[in-house]
Amino acid sequence: MKFGDAVFNAFGPQNEHHHAKMRSGAPALAWVEENMKRELQSDGGIGWQLYAAADEGVISETEAEQLLKAVFGAGFDTTIFGISGMLRAFADNPEQWQLLRARPDLVESAFEEALRLYPPSRFGGRVALRDTELGGITIPAGTKLLLMWLGAGRDPRKWTDPDQFRIDRHDAGSHLSFGFGIHTCAGQAVARLEAKSLLSALVDRVERIELTGEPRRAINFQAFGHESIPIRLVPAG
Ligand code: HEM
């Protein structure tokens with residue numbers, strides 16, 4: 001969490017909040033810096049493959065290290081926020097948990113629906129390569145764009161009852177919470193696998209998911225999630 005706090009709070013003004021998060025995240029940042037080194041990568045792993053690409057001259061050594069840090073940074077708090085947001089959504093909507101218990105085939109769409117409602121990444125950036133007309137607005141070439149994944153997930157022109165958590169939406173997976181196009185999330189299969197594994201394990205074993213206190217939102221310039229969601233898992237009898 002402290003690592004992600006530092007990484008994602010770098011997407012904003014360099015104010016006291018930013019500096020505080022960089023200070024508290026410093027040990028985690030140092031750990032990551034140390035552990036992204038070539039000699040510490042496991043054979044055949046992502047890090048190993050990136051350094052192998054550097055050996056082949058496809059990318060430079062520095063790029064391999066930077067890319068490895070990017071994969072690490074992008075995959076940490078995003079999954080924490082995505083999975084915890086999903087548990088909160090179930091605690092807030094107990095009938096949806098009962099629906100999942102009755103229909104475990106909805107496990108995958110439940111995670112998609114949670115990501116639509118609580119996208120761990122608020123926004124992404126793009127630059128228009130050419131003059132573009134979008135929604136009646138002309139975007140001149142060279143314009144920097146901030147794409148709001150969070151707003152897109154609640155757009156009433158696209159979603160019926162956008163603030164409702166409904167795991168049986170037929171189009172749950174068409175959210176933009178993993179971005180889109182050539183830079184769409186490179187780790188989405190990993191994220192989906194993590195969520196599916198957890199939900200599949202819980203669905204038979206847990207009767208109810210209950211809040212035991214008030215959830216607290218994380219204050220973060222880019223990531224959207226919770227600092228704490230106190231919940232109780234009530235075992236199935
Ligand atoms: C629920 C979990 C996750 C969410 C919601 C998420 C979301 C995103 C989003 C919105 C983007 C930007 C896409 C765009 O600009 O179109 C992105 C990029 C990326 N993500 Fe994820 N992510 C998650 C998990 C992961 C994991 C587990 C990994 C790595 C194992 C990962 C690695 C990356 C990388 C490397 C990029 C940059 C891709 C590029 O620029 O080409 N993400 N992610």
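Both ligands and their constituent atoms are indexed starting at 1 by order of listing.
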* Residues Gln66 and Thr62: side-chain donor-acceptor under 3.5 angstrom -> no
* To do: Check ligand 1 against Phe180 and write out every atom of the ligand that is under 4.0 Å from a heavy-atom position of the residue.
  => 16 (O)
* Heavy atoms from other residues, nucleotides or ligands near CZ of Phe221 exceed 12 (cutoff 6.0 Å) -> yes
* Asked: Does an N or O from Gln188, backbone or side chain, lie closer than 3.5 Å to an N or O of ligand 1?
  -> no
* Asked: Who gets closest to atom 22 (N) of ligand 1 by heavy atom: Ala189, Cys185, Ala191?
  -> Cys185
* Asked: Cationic tip of Arg126 within the cone over Phe180's six-membered ring, i.e. under 6.0 Å and within 45° of the normal?
  -> yes
* Is ligand 1 under 4.0 Å from a heavy atom in the side chain of Thr184, in the backbone, in both, or in neither? -> backbone
* To do: Specify whether Phe72 and Trp31 have parallel, tilted or perpendicular ring planes, treating 30° as the upper limit for parallel and 60° as the lower limit for perpendicular.
  => tilted
* Asked: For ligand 1, which atoms have a heavy atom of Ser121 less than 4.0 angstrom away?
  -> 10 (C)
* Minimum-distance protein heavy atom relative to atom 24 (C) of ligand 1 -> Thr78 OG1, 3.4 Å
* Provide, to 0.1 Å, the distance between atom 40 (O) of ligand 1 and the closest protein heavy atom, together with that atom's residue and name. => His183 ND1, 2.9 Å
* To do: Look at atom 6 (C) of ligand 1 and say which protein heavy atom is nearest, naming residue and atom and giving the distance to 0.1 Å.
  => Phe178 CD2, 3.6 Å
* Decide whether Arg216 and His226 meet the rule of one side-chain donor and one side-chain acceptor closer than 3.5 Å. => no
* Asked: Of all the atoms in ligand 1, which lie at a distance below 4.0 Å from a heavy atom belonging to Ser177?
  -> 5 (C), 7 (C), 10 (C)
* Find all atoms of ligand 1 within a distance of less than 4.0 Å from any non-hydrogen atom belonging to Pro120, and give their numbers and elements. => 5 (C)
* Structure fact -> One finds that the ligand 1 atoms under 4.0 Å from a non-hydrogen atom of Gly179 are 10 (C), 13 (C), 14 (C), 16 (O)
* Asked: How far is atom 33 (C) of ligand 1 from its nearest protein heavy atom, and which residue and atom name does that atom have?
  -> Ala74 CB, 3.4 Å
* Distance under 6.0 Å and angle within 45° of ring axis: Arg116 vs Trp159 -> yes
* Asked: Protein heavy atoms: any of them under 4.0 Å from atom 37 (C) of ligand 1?
  -> no
* **Nearest non-hydrogen protein atom, atom 26 (C) of ligand 1** => Gly75 CA, 3.3 Å
* Structure fact -> For Ala186, the ligand 1 atoms with a heavy-atom partner under 4.0 Å come out as 19 (C), 20 (N), 33 (C), 34 (C), 35 (C), 36 (C)
* Given side chain to side chain contact (heavy atoms under 4.5 Å, CB included), test Leu106 with Arg101 step by step and report yes or no. => CA-CA 9 Å; Leu106 292 175; Arg101 296 216 348 118; over 6 Å; no
* To do: Classify the angle between the aromatic ring planes of Phe178 and His175 as parallel (below 30°), tilted (30 to 60°) or perpendicular (above 60°).
  => tilted
* **Within 6.0 angstrom of Ile46 CD1, more than 12 heavy atoms from elsewhere** => no
* Would you check the N or O atoms of Arg126, main chain and side chain alike, for any that come under 3.5 Å of an N or O of ligand 1? => yes
* Just wondering, more than 12 heavy atoms not from Leu40 lying within 6.0 Å of its CG? -> yes
